[in-house]
Trainee: 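Sharing a structure below in structure tokens format, with a few things to ask.
Source: prediction; values computed, not measured. Read the numbers this way: they start at 1 and go in the same order the structure lists the ligands and their atoms.
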Amino acid sequence: MDEKTEEDEQESHASSSKDDDLSGIEKMSKYLMFKLTLSDTEEKMGVKAKQILQELTIRGIVDFIKENKCRNIITMAGAGISTSAGIPDFRSPSSGLYYNLQKYKLPYPQAIFEIDFFKTNPEPFFVLAKELFPEHLKPTLSHYFIKLLSDKGLLLRHYTQNIDTLERISGLPPEKLVEAHGTFHSGQGVVKPDIIFFGEMLPERFYHSIDNDFPKADLLIIMGSSLVVQPFASLIDKVKSTCPRLLINKEKVSVQDRLFRFFGLSHGFVFDPKSSECARDVAWIGDCDTGCKLLAEELGWNEELEKLMETDHRRIDAEKSEASK
Ligand code: CNA
């Protein structure tokens, strides 16, 4: 039996798994402290929420990009942008890693990514890592969409929770990339890769970048994440209240909670077209690659995106065949 329940959704990299023992009230006050220290952007900006998008659809976002000439788009990604490359995410029912770890005989699924467990028993992690990240993975259309935003000078920064290095492989310049949970790209020899386990601090680059980047963002695109891992999940609240937010995901996530609203806190998305509070959040529910393709089509970039992906996949295939000689 798992010691942790699925209801207990919020997870934190920067705190220990003991958080799971906290009561609802304690979690709420912990979150409030986090909000007060990490983000008071909206209060500082003093901006009153208003109708920002003409339509709460992809078309509304596309018009906003075209009319407002966005130059500071931030993208935030999770495991969902890499599933079509063959890497499972954590939490998707049946295909997610957390549902397929029986053979490792763990006390609970998350243990495999917890630093304390790793220190006592690293083997399950290394076996899994080998299975998860075969050599010569190819980035997905979603990765190339992000690369295209960068090529067009529209991307301020890409924040990823992924550790699979697919953003680097797609050619996204390192200065555009914040790998919030570390990366398999570098490591300390065979001892431990530079990924952030639950219970470890996030890289300094993450904390340095967020305070500069998020107040500048003129569009936030979130793709393929359940937005349950903190502090990454709360970044969506760090943009100005006038910054449109587009979620491209298989399910609606981080929808504003009534309790938070009651306390006057604006945490999470408001996907309510009738809401007078904030007409800027758009949910496009479906596959990340399909959503990115649709965006590219509406923006007139589809051919360019397909060419970018085809050319780069050919390069990866050529490198693979060279390496196997
Ligand atoms: P998660 O909690 O597993 O959530 C994934 C989300 O993406 C869910 O909401 C899914 O419904 C959605 N999703 C899955 N596939 C698609 C798709 N094709 N199109 C659209 N939506 C999709 O994963 P998160 O990234 O939110 O959680 C953060 C963890 C996961 C980080 O610590 C990562 O290091 C970790 N992780 C990374 C990888 C990777 O590097 N590729 C793989 C597995 C887990």
Trainee: Can you list the ligand 1 atoms lying under 4.0 Å from a non-hydrogen atom of T83?
Mentor: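 Going through ligand 1 atom by atom, the ones under 4.0 Å from T83 are 15 (N), 16 (C), 17 (C), 18 (N).
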Trainee: Take D63 and K66, measure what salt bridge (charged side-chain N to carboxylate O under 4.0 Å, His left out) needs, and give me the verdict at the end.
Mentor: CA-CA 5 Å; D63 289 344; K66 286 180 173 166; 5.5 Å; no
Trainee: Please determine if I163 has a nitrogen or oxygen closer than 3.5 Å to a nitrogen or oxygen of ligand 1.
Mentor: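 Looking only at distances, the answer is yes, because the N/O contact criterion of under 3.5 Å is met.
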Trainee: Is it the side chain, the backbone, both or neither of K250 that has a heavy atom closer than 4.0 Å to ligand 1?
Mentor: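 It is both parts that get close, each with some atom under 4.0 Å.
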Trainee: Identify the residue among L177, N162, T165 that makes a side chain to side chain contact (heavy atoms under 4.5 Å, CB included) with T183.
Mentor: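 It is T165, the one option of L177, N162, T165 that forms the side chain to side chain contact (heavy atoms under 4.5 Å, CB included) with T183.
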Trainee: Could you tell me whether ligand 1 has any atom less than 4.0 Å away from a heavy atom of G224?
Mentor: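 Right, G224 reaches ligand 1.
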Trainee: Does an N or O anywhere in F90 fall below 3.5 Å from an N or O of ligand 1?
Mentor: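 Such a contact does occur with ligand 1.
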Trainee: Per the side chain to side chain contact (heavy atoms under 4.5 Å, CB included) rule, which among I81, T83, T140, I248 passes with D289?
Mentor: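 So the option named by the test is T140.
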Trainee: Check whether the side chains of Y108 and E114 place a donor and an acceptor atom closer than 3.5 Å, and report yes or no.
Mentor: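 There is such a pair (donor and acceptor under 3.5 Å, judged by atom type) between the side chains of Y108 and E114.
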Trainee: For the residue pair D164 and S82, confirm or rule out a side-chain donor-acceptor distance under 3.5 Å.
Mentor: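 Checked: D164/S82 side chains pair up, N/O donor to acceptor below 3.5 Å.
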Trainee: Compare A233, S226, G80, S92 and give the one whose heavy atom is closest to atom 10 (C) of ligand 1.
Mentor: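 Nearest heavy atom to atom 10 (C) of ligand 1 lies in S92.
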Trainee: If you measure from each non-hydrogen atom of I87 to ligand 1, which part falls under 4.0 Å: side chain, backbone, both or neither?
Mentor: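 Only the side chain of I87 comes within reach of ligand 1.
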Trainee: Can you establish whether the number of heavy atoms outside Q102 located under 6.0 Å from its atom CD is more than 12?
Mentor: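 Counting neighbours around CD of Q102, more than 12 heavy atoms of other residues, nucleotides or ligands fall under 6.0 Å, so yes.
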Trainee: With a cut-off of 4.0 Å, which atoms of ligand 1 are near a heavy atom of G286?
Mentor: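 Listed by number with element: 19 (N), 20 (C).
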Trainee: Quick one: does C288 get an N or O within less than 3.5 Å of an N or O on ligand 1?
Mentor: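 Looking only at distances, the answer is yes, because the N/O contact criterion of under 3.5 Å is met.
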Trainee: Using a 4.0 Å cutoff against the non-hydrogen atoms of E251, which atoms of ligand 1 qualify?
Mentor: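 Reading through ligand 1 atom by atom, the close ones are 8 (C), 9 (O), 10 (C), 11 (O).
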Trainee: Please check this pair: side chain of R245 against backbone of G268, looking for a donor-acceptor N/O pair closer than 3.5 Å.
Mentor: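 Confirmed, R245 side chain pairs with G268 backbone.
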Trainee: Nearest non-hydrogen atom to atom 42 (C) of ligand 1 belongs to which of S82, G78, P88?
Mentor: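 Answer by nearest heavy atom: P88.
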Trainee: With ring-ring contact (aromatic ring centres under 6.0 Å, His included) as the test, pick out the partner of F197 among F117, F113, F125.
Mentor: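 Exactly one candidate clears the test, F125.
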Trainee: Heavy atom to atom 26 (O) of ligand 1, shortest distance: which of G291, S84, S225 holds it?
Mentor: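 Looking at heavy atoms only, the winner is S225.
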